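Input: a single structure, listed below in structure tokens.
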Amino acid sequence: MPLTIKVPYTRYLAPDGTLQGSLPAWADDPALLCRLYKQMRLTRLFDQKAIALQRTGRIGTYASTLGQEAIGVAIGELMQADDVLVPYYRDTAAQLRRGVRMEEILLYWGGDERGCAYADPAVQEDFPPCVPIATQALHACGVASAFKIRGEHRVAVTTCGDGATSKGDFLEALNVAGAWHLPVVFVVNNNQWAISVPRAMQCAAPTLAQKAAGAGIAGEQVDGNDMFAVYDRVQAALERARRGKGPTLIECLSYRLSDHTTADDASRYRSEAELKQAWAEEPLKRLQSFLVQHRLWDESHEQAWLSEAQTRIQAAVTAYEATAAQAPADPLDYVYAQWPSALAEQRAQWLERVSHTRTQEG
Amino acid sequence: MPLTIKVPYTRYLAPDGTLQGSLPAWADDPALLCRLYKQMRLTRLFDQKAIALQRTGRIGTYASTLGQEAIGVAIGELMQADDVLVPYYRDTAAQLRRGVRMEEILLYWGGDERGCAYADPAVQEDFPPCVPIATQALHACGVASAFKIRGEHRVAVTTCGDGATSKGDFLEALNVAGAWHLPVVFVVNNNQWAISVPRAMQCAAPTLAQKAAGAGIAGEQVDGNDMFAVYDRVQAALERARRGKGPTLIECLSYRLSDHTTADDASRYRSEAELKQAWAEEPLKRLQSFLVQHRLWDESHEQAWLSEAQTRIQAAVTAYEATAAQAPADPLDYVYAQWPSALAEQRAQWLERVSHTRTQEG
Amino acid sequence: MSEQHVNKVTLVEAVNMALRRAMRDDPSVVVLGEDVGTNGGVFRATLGLRDEFGFKRVLDTPLAETMIGGLSVGMAAQGLKPVAEIQFLGFIYAAMEHVVSHAARLRNRTRGRLSCPLVIRSPMGAGIRAPEHHCESVEAMFAHIPGLRVVIPSSPARAYGLLLAAIDDPDPVIFLEPTRLYRMNPQVLEDTGQRLPLDTCFTLREGSDLTLISWGASVHESLQAAAQLAEQGVSVEVIDVACVKPLDLATLEASVRKTGRCVIVHEAPRSCAVGAEIASSLYERVWLELLAPIQRVTAPDIPPPLFRMEQHYLPQVADIVQACDDALNYA
Amino acid sequence: MSEQHVNKVTLVEAVNMALRRAMRDDPSVVVLGEDVGTNGGVFRATLGLRDEFGFKRVLDTPLAETMIGGLSVGMAAQGLKPVAEIQFLGFIYAAMEHVVSHAARLRNRTRGRLSCPLVIRSPMGAGIRAPEHHCESVEAMFAHIPGLRVVIPSSPARAYGLLLAAIDDPDPVIFLEPTRLYRMNPQVLEDTGQRLPLDTCFTLREGSDLTLISWGASVHESLQAAAQLAEQGVSVEVIDVACVKPLDLATLEASVRKTGRCVIVHEAPRSCAVGAEIASSLYERVWLELLAPIQRVTAPDIPPPLFRMEQHYLPQVADIVQACDDALNYA
Ligand SMILES: Cc1ncc(C[n+]2csc(CCOP(=O)(O)OP(=O)(O)O)c2C)c(N)n1
Ligand SMILES: Cc1ncc(C[n+]2csc(CCOP(=O)(O)OP(=O)(O)O)c2C)c(N)n1
Ligand SMILES: [Mg+2]
Ligand SMILES: [Mg+2]
């Protein structure tokens, strides 16, 4: 008898937006459903804008969230303000819903650290997007440890991609979360690609969720293009964690509809056919179909929201572009709480140099 | 339905040496069984000697293999000469059986790198004991990759402790072994303690073998105090790997009957009662009881073997103590294939210094 | 005061005393690492803390240094003050990504919104006949990283005062404890809670002919060398750098300006070690006042040998005296 | 020869050419890393290798740098010659334990029985408007480690010849490729298989008034500075160190002995960088011949800023010219 494993899988909505079975009780709330849809649409429009800004050189490299909106929006919607989000770089969706401002996200990708200073009180303790793959999973465990040590009923939520599940940090995080019974939720956005490396080459296991087994924690798969499925399972996991019942690993099956980042060209390594298939299953259209089928949404709603969303996005772009230059001392002033006296000379040189260059540039 | 998992477990011999069920066919070989027992006894006697040498300052810190003899001896017996062993520091048992000499093991723990130079042709490609926990698991995957790339039917076997299974290296190794279908066998010597940290605090999963699930590879538990169980499952895993059927993780349940090393005092953190219980299950006595019950071994065999073993060990100690001092240039000569001309000055200084000190010391 | 009333503590006991004091005074201080709980650490630096402060504040971790690093970052960002132990410095590499890419940068990355007030303690250095990887002196790898502080005490008193300061400090501190000194030269030490500054060197012996700069276990041999030279009538100033990042160059500069000669001693391999930074910075500052080139007495550029050859690897008193003589006799 | 027949290649193309040449000539060479296969690497350094050499010799790995490091050690011990790519130098830290504790020591640990002929290639440096962690210059962390070689090419020709030599070399080589130069200044380059030595600096411009020492992308600005100074009648010798570990001090010493003045330029933060080692070693050797203190033009001791402030972080031509002027005008 070889080792055997069974992994739960949740889906409510078929790709065409029709229901499979009956919805959970929480879904009987049209306002909530419309809010979720609107947030997904807003996210996607903002994402498109960001890509346009990158193409015209107004921000730098950008990692699109296209196709992952259900996951991020559900997370952002469900977390309480005093929970802590420890995101990776493809989490515009969750961050926006949490309260990070669009202009902050643009500033960040625009090469300005102030984009991670976050003005909104609700996200003061949230982490900035994490670039070194999977390292954030451990930070989330540290945050959750702090909650547990202080006896607070708060939850740390961390996200990562399918590729990230191969890195030791992720696996060590699952293990300590299990060993210490931490209030943390790991959400894997399995979008099938890690840049050019397909999911199948990343790991021989049929699901990534089963990595939970080795750590003795709960693990499950959901259809990441189905807002109902994601919302339902993230809600349950948050609940469990908050009630001291331990961590959960949720693998959301989705698809990276975009290039990896604006610096990538995915047509080099994946087929048109695969991409086309993925578009047929994408989350936004799916929820929209459901809402339309159930007369919760229609074309006039859509137009009104498109126009409001565009206005908000345009305002953010304007704010972004109007942001004053950083103070010359900024890159020094936050390296230590106080710039070390031992480095006083370097400070003077830096300030002189920056002001000199700025003067020259006019 | 939560995630569920079933992990195979193998045991043939009860702690008192009586059979549970019937033995596999390979066990119908008295010569083999006596050889295994003798090797275990030899290993244990050598281990005792090493501890005695440490106590009198003739070697440095030493990691005892007491209680883990079945695991190491089975591995050493089953591997082919051209397989590669990638051991950790508690693998005296496997190394001795592979062909590493007792005096080499003493030299190593005696603070002399020549203890890892290995004279026996059978172990030329074996790795030396690995100290940084779990890192060896990845080296074994590299070795196995080389076999696979060159199309060779060889297997890499790597060992580690229960503590090591928490470290990213181990988990990344399982993952790449699965993704690349490598001819590698991971043997975890779960001796219940990682220095002072008990198995239960290391990981919330009920078995360590189930870490295989996350990597999509075969995983199973065996009674590590039962030579029949270990031998049988290691043999099967080697066979699978050699035939291109992929990697296996074998968790051997054993007990560290010794202190962690000679620098440790286990009575600080674990109970007499637990230790006593473990002694009742230890592997050597168990196999001996079986052999005696089946009239394959008796007191006169025992005495004869003890005396031969002691003679061999004493010869090794004599050889060890007669080893000439290292050449002064030794610590430089193997840093690079050729000492860099850029560092010529340092070499001259070093040689002068060493010869000067040696002269002074007489 | 009679002998038996004098409370003499070793360096490792001073570390323990500082940890206890910090945990008593500040509930946000937590200790984590491998074997730090029940066992009190393999060197007993955390002895008794579990009993006094419980499981929630003294955490035996699973065996994973990356995790210890990453967890500490998360805890620190939450306002705890984690003091993590890496069991030996030779096992810190797996935590490097979290130290370099996160701990050292979280404040800067978030423009001060989040910060990382953590301490990573680790035993360092050779000379205790330990196995491979138990003898490393790689302080230079950390001293190169902006955003970190790197502190290395060389006496019980400095271990106590500097560790308390390191725990207070709002930024990440790598705190390296020379194992060779752990049980040497116990000192009278009161548990006053008195901090020592993290931004100044310690002048251990004043002198006028030559400045002998060192840190960690080599301070010990440096002081012996200075004593020997004193017998020959040479007045050597001995400075324990103690905080190798950032470097208090002002004190070093003033001393070398005074003496005109300088020898730097360290246990790390020579190339690209902290000694190189000190030497080049001093040359930049006191070039005209120097009466001889600065000498470096260091381990050679080889891995620390297993213990049979260890003594040759470490800078010896005779090597230091020789280098001082060379500097003093420079034409 | 008419323009269109001249085969000009960029630095990244030269890397690709060298990899292809090495793989053609030696079946034990294998390439591994994230995205090196189908995608040909995020910078296209491994473009086309998968097609030519197949899945067994061009291996897309799972996403795990520790694993890439450890796997390479195991392969190399088996006599393969792995050339591993770390996608950006800022992601190498997870591989550090394998590089420092194993690759750099396996030969010494086994007294030559096993060895580690691997190459780790990684793009380095700032200046391409990339996100955080894509701009690191931490060559000093590796240059401190005995048993390693650290090589940084600054032209297509040197990338080609040095990479071939690095792959040949029986010991581990960290091979760092300045991204800022990847597509700058293409050169005519024949695929001759000609190796360049790993133990000598490259004198790119001879001069008699001052020695300008640099490596990596800063060589580019150093050459520009030398050209500017030439216009003012100052004769500057420009040396590309190229191999920062071990250091060819003989060439540097000879040059500074000749010119009497020296400026060192690097992109890494100042403290404990390779510049410090070069400066202190030179002082030790040519103290009496120096006409001015050695100047270091470096990045400040801060993390590389996101790209808005990146230009201020990097040493600029004007900074180098200024430092040279200071050295030249030193009283
Ligand atoms: C430690 C580390 N290694 C490599 C990279 C470069 N890199 C950036 S994204 C990426 C792929 C990540 O894939 P996945 O985890 O699936 O997330 P996705 O981008 O698909 O959402 C890689 C290799 C990195 N950022 N960090
Ligand atoms: C990376 C690393 N961290 C810490 C240590 C110190 N250390 C040596 S053995 C050990 C415990 C290992 O326990 P386990 O894996 O169960 O093996 P065992 O010694 O019990 O056989 C520790 C923490 C080490 N050698 N390497
Ligand atoms: Mg992905
Ligand atoms: Mg164990």
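Atoms considered below: every heavy atom in the structure, side chains included; atoms not considered: hydrogens, waters and symmetry mates. Quick note on labels: first sequence line is chain A, next is B, and so on, each numbered from 1. Remember, predicted model here, so these are calculated numbers, not experimental data.
- The residue among Ala179(A), Pro331(A), Cys130(A) with the most heavy atom pairs within less than 4.5 Å of chain C is Pro331(A).
- No more than 12 heavy-atom neighbours from other residues, nucleotides or ligands sit within 6.0 angstrom of CD on Glu352(A).
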Exercise for the section: List the steps, then state whether side chain to side chain contact (heavy atoms under 4.5 Å, CB included) holds for Leu106(C) with His139(A). Expected result: CA-CA 11 Å; Leu106(C) 192 58; His139(A) 305 159; over 6 Å; no

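- Between chain C and the options Gln338(A), Gln124(A), Lys148(A), Arg114(A), heavy-atom pairs under 4.5 Å are most frequent for Gln124(A).
- Of the two parts of Leu247(C), only the backbone, made up of N, CA, C and O, holds a non-hydrogen atom closer than 4.5 Å to a non-hydrogen atom of chain A.
- Pro128(A) and Arg109(C) make their closest contact through CG-CD, 3.7 Å (heavy atoms, listed as atom of the first residue, atom of the second, distance).
- Residue Val184(A): no heavy atom, backbone or side chain, is found under 4.5 Å from chain C.
- Residue contact with chain C, scored on non-hydrogen atoms closer than 4.5 Å, involves the side chain of Gln326(A) exclusively.
- The two residues Met75(C) and Ser145(A) come nearest to each other via the heavy atoms CE-CB, 3.6 Å.
- Contacts of residues 56-71 of chain C with chain A at a heavy-atom distance below 4.5 Å involve Lys56(C), Leu59(C), Asp60(C), Thr61(C), Pro62(C), Ala64(C), Thr66(C), Met67(C), Gly70(C), Leu71(C), listed in sequence order.
- Heavy atoms of Tyr108(A) lying under 4.5 Å from chain C are absent altogether.
- For chain C, no part of Gln346(A) is nearby; none of its heavy atoms comes within less than 4.5 Å.
- Of the listed residues (Val30(C), Leu32(C), Asp169(C), Leu114(C)), the greatest number of heavy-atom pairs within a distance under 4.5 Å of chain A belongs to Leu114(C).
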Handout entry: Asp199(C) and Ser341(A): CA distance, side-chain angles, deciding distance, side chain to side chain contact (heavy atoms under 4.5 Å, CB included) verdict
Key = CA-CA 8 Å; Asp199(C) 53 5; Ser341(A) 58; 4.2 Å; yes

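- Tyr336(A) approaches Gly147(C) most closely through the heavy-atom pair OH-N, 3.2 Å.
- Residues Leu198(C) and Pro340(A) form no side-chain contact, since every pair of their non-hydrogen atoms from C-beta on lies 4.5 Å or further apart.
- Here the closest heavy-atom approach between residue Glu97(C) and residue Thr135(A) is recorded as CD-CG2, 3.8 Å.
- The local environment of CD in Glu289(C) is crowded, with over 12 non-hydrogen atoms from other residues, nucleotides or ligands closer than 6.0 Å.
- Along residues 76-86 of chain C, the residues that come nearer than 4.5 angstrom to chain A, judged on non-hydrogen atoms, are Ala77(C), Gln78(C), Leu80(C) in order of number.
- Most heavy-atom pairs under 4.5 Å with chain C: of the set Val84(A), Val335(A), Leu343(A), this distinction falls to Val335(A).
- Here the rule is salt bridge (Lys or Arg N to Asp or Glu O under 4.0 Å) with Arg111(C), and of Asp112(A), Asp333(A), Asp330(A) only Asp330(A) fits it.
- With a 4.5 angstrom heavy-atom cutoff, Asn108(C) touches chain A via backbone and side-chain atoms both.
- Distance CG/Leu138(A) to NE2/His98(C): 4.5 Å, rounded to 0.5 Å.
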